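Quick notes on the structure that follows.
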Amino acid sequence: MHPTNKDIVILLKSVAAAYTLTGVNQFRIIAYQKAADAVEHLTQEIYDVWQNGHLDEIPGLGPIIRQHLDEYFTNPVGSYLEKQTQKIPAPVYKLMQSPGIGPKRAFRIVQEFKLDNPKTIFEDVKSLAAKNKIVELEGFGEKSQKEILKAINLYEERGQKEERMVLPVAGQMAEDIIMYMKQLPEVSEIQPLGSLRRKAPTIGDIDLVAVVEQRNAEKVINHFTAYSRAISVQGKGDVKASIMVTGGKRIDLDIIPRKRYGSMLQYFTGNKLHNIKLREYALRKGYSLNEFGIKEVKTGKMHTFETEEAFYEFLHVDWIPPEIREGGEEIKLALQHALPNLVEPKDMKGEFHVHSDFDIVPSHDIGMDSIEKMAKKAEELGYIYLALSEHNPAMSRVDESQAVDLIRRKAEAVAKIKTPVKLLNSLEIDIQPNGDLALAEDAFKYLDIAIVSIHSSFKMSRDDMTKRILKALAHPGVKILGHPTGRQIGKREEIEADWQTVFDFAKKHHIALEINAWHERLDLPEGLVRRAIQNGNKLVINTDAHAASQMDGLLYGVYVARRGWAEKSDIINTQPLDRVMSWIKGK
DNA sequence: GCCGTTTTCGGCCCGACTGTTTTCAGTCG
């Protein structure tokens, strides 16, 4: 098994902890913490990124840590990183995993009581606390003993299976509480920030900021903590509060007067590395940034900002779309007025991957709505074209001539629909393990366009998988590679393939890479979107809808495209019909 | 150890909260 992102996060944090305890340069410790943070918030598996030779694209990982990771991925045994962690007793790292216990307190406890078994560390500490032993340590007291117990219990209860929400779930949760908060006229504005505003594929907790005048603060905070879905109040102060809602998810609320709203938006949108880099830049210019405004370091004069645009403008930095605030090169480009002009939802003019209920005897799940209904929905969305791409007929259920007949009949059914939307007869065809397509050759003449996707044998060697994909793409009828990595967020890993080779081949043959907008796929992942674009590939954004209502979800694909720095011209289904048709015809 | 729109050397984000202390250390986001 390859190390997961979580493994690497723990590894890097452990090295940072070991350095903290052995007393190395504090900035080296911070560098490891930043690196751990970068990996923790990566939306791709770091192992895959490493395998494809692109560790250098991750901001926060410098040459030295990259080299250590390279060694670790090749063979962890005896590697530098492993050796560093071994300098500290293993139970320390275990103990640190409970919230509120950092390296120093964990080390103190382990050392003072000579706890050497990582397997029993939590039990050991609990029984020490029961005997009131921890209170006796210098620097610890009654309350810290209690806090430590609470932290361990919390970790044991649910810390390990901490799950992040997919974007639409988090979005709905935010919308619900925003509606609730807006019942108060004192809340003049309220919006989600953090990873939700940056449209990250998964969301840990929900951050809200509301514009409230100081005299109404108490009332608003009280209203927030009285939310009916709150199962507990985590914290409550004059200007902020935090609740836990059903499902164990946290919602934080900060309130701010109108005149400081801009700096608060910037501060809580993040991400962390973006903020650090912006503040470092500002500091070189003599300014210190915080959530209340911009301070002139020399004079102490404070500037406040009602809008985020004004905040960035003060620093002579172009406003940066939240989706690309990742701590990479966006600040540099914003200074040069060279940010990309990201694709927007309104640019979308159609899509190529929806499943109708036409009974094609499909190999996988069939759609819920008729072709007509899907076309109607496309019309409502203002689309000018739509491709109906059901799964191919199951080879186990129909023979070749029956399959050909089904495709022909579907073409006729599509042609019969009266709609201003240009409908295309398409299919999503399985790529078989040997790279053959699961469709009789004669059927292709009834298709306007074809998507090919992998739906089986996800575990293959990188070489075999790459060959399999190239063989499928070599078929002249193929125009789109569907959900290329096959990942399902939180459920299935990405397949392993040499993406550079796949991208080069796709580019040469004018095959588009899909950004599948289904919220559990979001595939291509944004990191690969960015590389595909830099490589000169074209992409399409598709919903993979199995019901008309799901076609609204194209938005989530647009977010991924934006997070991958895609402009309108990179995305084929932003283009007018004639351009799309000439792409289909292979020009 | 990382990083760069006055630096490839010499700096390094910022504040809140908590607890155990009388001025700070540890942890977190």
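A quick note: this is a predicted structure, and the numbers were derived from the prediction, not measured. Just so it is clear: chains get the letters A, B, ... in the order the sequence lines come, proteins before strands, and each one is counted from 1.
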For A:Q214, does the CD atom sit with more than 12 other heavy atoms under 6.0 Å from it, leaving out its own atoms? no
For nucleotides B:dG26 and B:dT21, find the distance between their P atoms and express it as a whole number of Å. 13 Å
Check: protein-nucleotides 14-16 of chain B nitrogen or oxygen pairs below 3.5 Å:
{"residue": "B:dC14", "atom": "OP1", "partner": "A:S288", "partner atom": "OG", "Å": "2.8"}
{"residue": "B:dG15", "atom": "OP1", "partner": "A:N290", "partner atom": "ND2", "Å": "3.0"}

Close N or O pairs between protein and nucleotides 23-25 of chain B (under 3.5 Å):
none

Here the residues of residues 70-87 of chain A within 4.0 Å heavy-atom distance, strictly under, of DNA chain B are none
Can you check whether A:S144 has a side-chain N or O nearer than 4.0 Å to OP1 or OP2 of B:dT20? yes
Within the 4.0 Å heavy-atom criterion, would you say A:K285 contacts the bases, only the backbone, or no part of the nucleic acid? sugar-phosphate
Classify the ring geometry of A:Y559 against A:Y556: parallel below 30°, tilted from 30° to 60°, perpendicular beyond 60°. perpendicular
For residues 305-322 of chain A, dump all side-chain donor-acceptor pairs below 3.5 Å to protein atoms at least two apart in sequence or in another chain.
{"residue": "A:T307", "atom": "OG1", "partner": "A:A310", "partner atom": "N", "Å": "3.1"}
{"residue": "A:E308", "atom": "OE1", "partner": "A:R197", "partner atom": "NH1", "Å": "3.4"}
{"residue": "A:E308", "atom": "OE1", "partner": "A:R197", "partner atom": "NH2", "Å": "2.9"}
{"residue": "A:E308", "atom": "OE1", "partner": "A:W319", "partner atom": "NE1", "Å": "2.8"}
{"residue": "A:E308", "atom": "OE1", "partner": "A:R325", "partner atom": "NH2", "Å": "2.9"}
{"residue": "A:E308", "atom": "OE2", "partner": "A:R197", "partner atom": "NH1", "Å": "2.8"}
{"residue": "A:E308", "atom": "OE2", "partner": "A:Q266", "partner atom": "N", "Å": "3.4"}
{"residue": "A:E308", "atom": "OE2", "partner": "A:R325", "partner atom": "NH1", "Å": "3.0"}
{"residue": "A:Y312", "atom": "OH", "partner": "A:Q266", "partner atom": "NE2", "Å": "3.1"}
{"residue": "A:Y312", "atom": "OH", "partner": "A:H274", "partner atom": "NE2", "Å": "3.0"}
{"residue": "A:Y312", "atom": "OH", "partner": "A:R325", "partner atom": "NE", "Å": "3.4"}
{"residue": "A:D318", "atom": "OD1", "partner": "A:H337", "partner atom": "ND1", "Å": "2.8"}
{"residue": "A:D318", "atom": "OD2", "partner": "A:H337", "partner atom": "ND1", "Å": "3.0"}

Looking for any heavy atom pair under 4.0 Å, which part of the strands does A:E142 touch: base, sugar-phosphate only, or nothing? sugar-phosphate
Tell me what A:G60 touches on the nucleic acid: a base, only sugar-phosphate, or nothing, going by heavy atoms under 4.0 Å. sugar-phosphate
Aro-ring/base stack A:F27-B:dC12, d under 5.5 Å, angle under 30°: yes
For DNA chain B, the expected dot-bracket line (Watson-Crick or G-U under 3.5 Å, [ ] crossing, | inter-strand) is ((((....)))).((((((....))))))
Contacts table for residues 60-68 of chain A: side-chain donor-acceptor under 3.5 angstrom, sequence neighbours left out:
{"residue": "A:R66", "atom": "NH1", "partner": "A:L61", "partner atom": "O", "Å": "2.9"}

State whether the number of non-hydrogen atoms from other residues, nucleotides or ligands found under 6.0 Å of A:E138 atom CD is greater than 12. no
For B:dT7, does the glycosidic angle fall within 90° of 0 (syn) or outside that (anti)? syn
Checking all strands, does A:I276 fall into the base, sugar-phosphate, or nothing category for heavy-atom contacts under 4.0 angstrom? base
